[in-house]
Number of protein chains: 2
Amino acid sequence: MSRQKPKLARIADSLGVSTATVSNALSGKGRVSPELAERIRATAAELGYVPSVAGRALRTGRSGVLGLVLADISNPLFPKLAQAIENSAAKAGYGILIADSHGDVAAQTQAIERLIERGVDGMIVVPRRGTWVTGASCPVAVIDSPSTPGNTVAADHWSGGQGLGVHLVSLGHAHVLLLGNNQSSNVQNDRLGGVKAGLGSARVETVWIEKLESTAGQGCSLGLEEAVARGVTAIAAVSDLVALRALTELQRAGIAVPEDVSVTGFDDLIWSSVVTPGLTTMRMDVATIADIAIAAVLEAINQPKSAEPRRGDGETVTASQPKVPMELVLRQSTGPARTSASHKDNKTENLTAGELIQ
Amino acid sequence: MSRQKPKLARIADSLGVSTATVSNALSGKGRVSPELAERIRATAAELGYVPSVAGRALRTGRSGVLGLVLADISNPLFPKLAQAIENSAAKAGYGILIADSHGDVAAQTQAIERLIERGVDGMIVVPRRGTWVTGASCPVAVIDSPSTPGNTVAADHWSGGQGLGVHLVSLGHAHVLLLGNNQSSNVQNDRLGGVKAGLGSARVETVWIEKLESTAGQGCSLGLEEAVARGVTAIAAVSDLVALRALTELQRAGIAVPEDVSVTGFDDLIWSSVVTPGLTTMRMDVATIADIAIAAVLEAINQPKSAEPRRGDGETVTASQPKVPMELVLRQSTGPARTSASHKDNKTENLTAGELIQ
DNA sequence: CGTTACCGGTTAAACGATTAATCACGGCAT
DNA sequence: ATGCCGTGATTAATCGTTTAACCGGTAACG
């Protein structure tokens, strides 16, 4: 409880040395005798010295802050992601400034603009499908999907999907309905493509919800009851939100999950574990993804200016490990494929003997 | 695409004036002749001048950044809230630095500490139940519940609950089950208290999930089937997440919503509109809440230092309008109370005539 | 006519940290 | 004895903006 905020000068003349020496001692950069350095550190701690970010930023040109740009901050995956990123950044001594582009490109550009004006040293961008990152004047890491050009790091959505596919096959499912939202999303294509690959020779149908809703209206039925009647025994959704929609639509129609039909999702969102039945899903390792993204940006920031003539910042950085494996979370929404007889209303009784056995 | 980042000096001697004049012209503070001011603004815009936050921060002691502290960033309400706060802040020219205390008090204190070190001008805190804000050295706005001491602004949870209560009564419900998570949460108590008040003379039972789970185990059944058998015709959950859990548990048990039992939630979270049936819920006006919170903090920041001897910062600020009304969102999960006869498995047939009529 | 007030600016001093350049000085080789 | 070098510390410039103080000149005012 000394006077005021102690600055570098106070601790300096408290020891009778110059501010430069104090600065050097605390940052460990210049040449300071070990014992003096120790004394300086001690009194700094004692006085409760806290360096002024503003002063440092002004001199060094680094703010110690990274921007996090979310295409859609209301995406339910955002909490986990933001938490992970904030965590990784904090470990590296960086702060996270958030910016929301409400899913639209102009707003995203504006948001990036604001971040730049705020002097961020780098950015993490989670773009919306199609959206692209206009040249910012600082290193940018992009988290989208490995198949997106310019992507820095992301979950291995394709392999994750494949994992779900083989899981369903191992349960005997041979006729699966894939539920996607938007066909132009790289992530969604990767996920469903992976599922399809994992399913091997199983029969597959795909429904794109946005396309369906554009004709049948927002919040329309997904026609799952009819699909089940057609013989579908499993539904693989592109996200837990879609899976939840499917689950409730099925239950409302009196179709039992997983006895009549299995349901899988993606992301292990917060509700996946509390619904009945619990949702089998494919979780992404956000912590690792965040670590890699942050590391990549920081590396670019600390690059010795690249010695090039062009002020070649603004490039999207690359990471050593661009794809991070996903993890299968088994819950109760998946089970053995029903044989036709076990479907309570026997709409599927006219199957062949072979199909019955399978 | 001039040379480099234009600073004040460049535009100053580009016009043959002093930097002070430029500064005054751009900020509109000092005395500058209108036409010169206009010329200055013009060339500033032309050169693409962007003020250096670092320089300004160093000089003024203001960073132009607010901290947002979430008790639990993985709370599904967070996206909406963060979006609203970021929006309000951006409108006022402020940035939002996020900090996550993983629900635990020590981490929250640490997070606040980090924000202070980063030089935030103020903070918005959404505390977890019980958690309290240790004296930070800047204005703090708290968003929790009107009944929490020190609260700045929040949704009127009690009145919201009351609204749900009267809604249920108007549908003829006379026996309602209340679902809460944790009895020590102000918000949850307010919500359920309001519901109870709105229900008037109806019969009410309350289940606190965390207490139940502490004995029956994580993810246990909530005993809703039995409750319905006992004559419960409506379930009011303290949040949409709980409502979702209830909805799926009911559907899984073959109980139809809303024919057999109505379900209500709180918050209008993202999934409330996509599940079947859509969830009737009570939405909080996060945009208004964010606006008020930000305004309150900014007012405190721009206070003329209060002229007091003590450096009396660190106080939680107060707002002119501490409670913001909530809005009822009607969907399909609520309907007229069933008469006993309409419950498909007639477990309730041994009721009195009077109860049957009601 | 002397004093004051205003007007449209300029000067220069901060803000707090970093860092290149410099300096004092004892040891060492030439 | 002279020149050189390494060590440990200091000096002073610098980052870009804000703002209190100042200034010459003119108009208003008593």
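Note that these values count all heavy atoms, side chains included, but never hydrogens, waters or copies made by symmetry. Lettering of chains follows the sequences in order, A, B, ..., and the numbering in each one begins at 1. Worth saying up front: this structure is predicted, and the values here are computed from it rather than measured.
B/Leu66 is not listed as a side-chain neighbour of B/Val120, based on a closest heavy-atom distance of 4.5 Å or more. In this structure, the side chains of A/Val50 and B/Ile116 stay at 4.5 Å or more apart for every pair of heavy atoms. Under the 4.5 Å side-chain criterion, counting only non-hydrogen atoms from C-beta, B/Val65 is not in contact with B/Arg118.
Checked against side-chain contact (heavy atoms from CB on, under 4.5 Å), B/Glu299 has the following partners two or more places apart in sequence or in another chain: B/Gln303. Every residue was checked against the side-chain contact (heavy atoms from CB on, under 4.5 Å) condition with A/Val53, not counting sequence neighbours, and none meets it. With sequence neighbours excluded, the residues forming a side-chain contact (heavy atoms from CB on, under 4.5 Å) with B/Ser33 are B/Glu35, B/Leu36, listed by chain and number.
A sub-4.0 Å separation between OP1 or OP2 of C/dT18 and a side-chain N or O of A/Arg56 is present.
The distance from atom CG of A/Leu58 to atom P of C/dA14 is 17 Å, rounded to the nearest whole Å. We find that CG of B/Leu26 is positioned 13 Å from C1' of D/dG16, with the value rounded to whole Å. Atom CG of B/Leu8 and atom P of D/dT19 are 12 Å apart (whole Å). The distance from atom CD1 of A/Ile11 to atom P of C/dA17 is 10 Å, rounded to the nearest whole Å. Look at CZ on A/Arg10: it is 11 Å from P on C/dC15, rounded to the nearest Å. At whole-Å resolution of the value, NZ in B/Lys7 and P in D/dT17 are 8 Å apart. If you measure from atom CD1 of B/Ile40 to atom C1' of C/dT10, you get 12 Å, rounded to the nearest angstrom. Protein atom CG of A/Leu15 is 18 Å distant from nucleotide atom P of D/dG8, rounded to whole Å.
Residue B/Ser23 is in base contact, counting any heavy-atom pair closer than 4.0 Å across all strands shown.
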Show each protein N/O and nucleotides 9-13 of chain D N/O combination with a separation under 3.5 Å, one pair to a line.
| residue | atom | partner | partner atom | Å |
| --- | --- | --- | --- | --- |
| D/dA9 | OP1 | A/Ser33 | OG | 3.0 |
| D/dA9 | OP2 | A/Ser33 | N | 2.5 |
| D/dA9 | OP2 | A/Ser33 | OG | 3.3 |
| D/dA9 | N6 | A/Arg31 | NH2 | 3.0 |
| D/dT10 | OP1 | A/Ser18 | N | 3.3 |
| D/dT10 | OP2 | A/Ser18 | N | 3.1 |
| D/dT10 | OP2 | A/Ser18 | OG | 2.9 |
| D/dT10 | OP2 | A/Thr21 | OG1 | 2.2 |

If you look only at distance, which donor and acceptor atoms sit under 3.5 Å apart when one is on a side chain in residues 54-61 of chain B and the other is two or more places apart or in another chain?
| residue | atom | partner | partner atom | Å |
| --- | --- | --- | --- | --- |
| B/Thr60 | OG1 | B/Arg56 | O | 2.8 |
| B/Thr60 | OG1 | B/Arg62 | N | 3.1 |

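With salt bridges taken as basic N to acidic carboxylate O contacts below 4.0 Å, one links B/Arg41 and B/Glu38.
Overall, the helix from C/dC1-D/dG30 to C/dT30-D/dA1 carries an axis bend of 60° between its ends, with five pairs at each end and the value rounded to 10°.
The backbone N or O of B/Gln83 lies less than 3.5 Å from no partner atom in the side chain of A/Asp100, so there is not a single donor-acceptor pair.
With D/dT19, C/dT18, D/dT17 as the candidates, the nucleotide lying closest to the side chain of B/Tyr49 is D/dT17.
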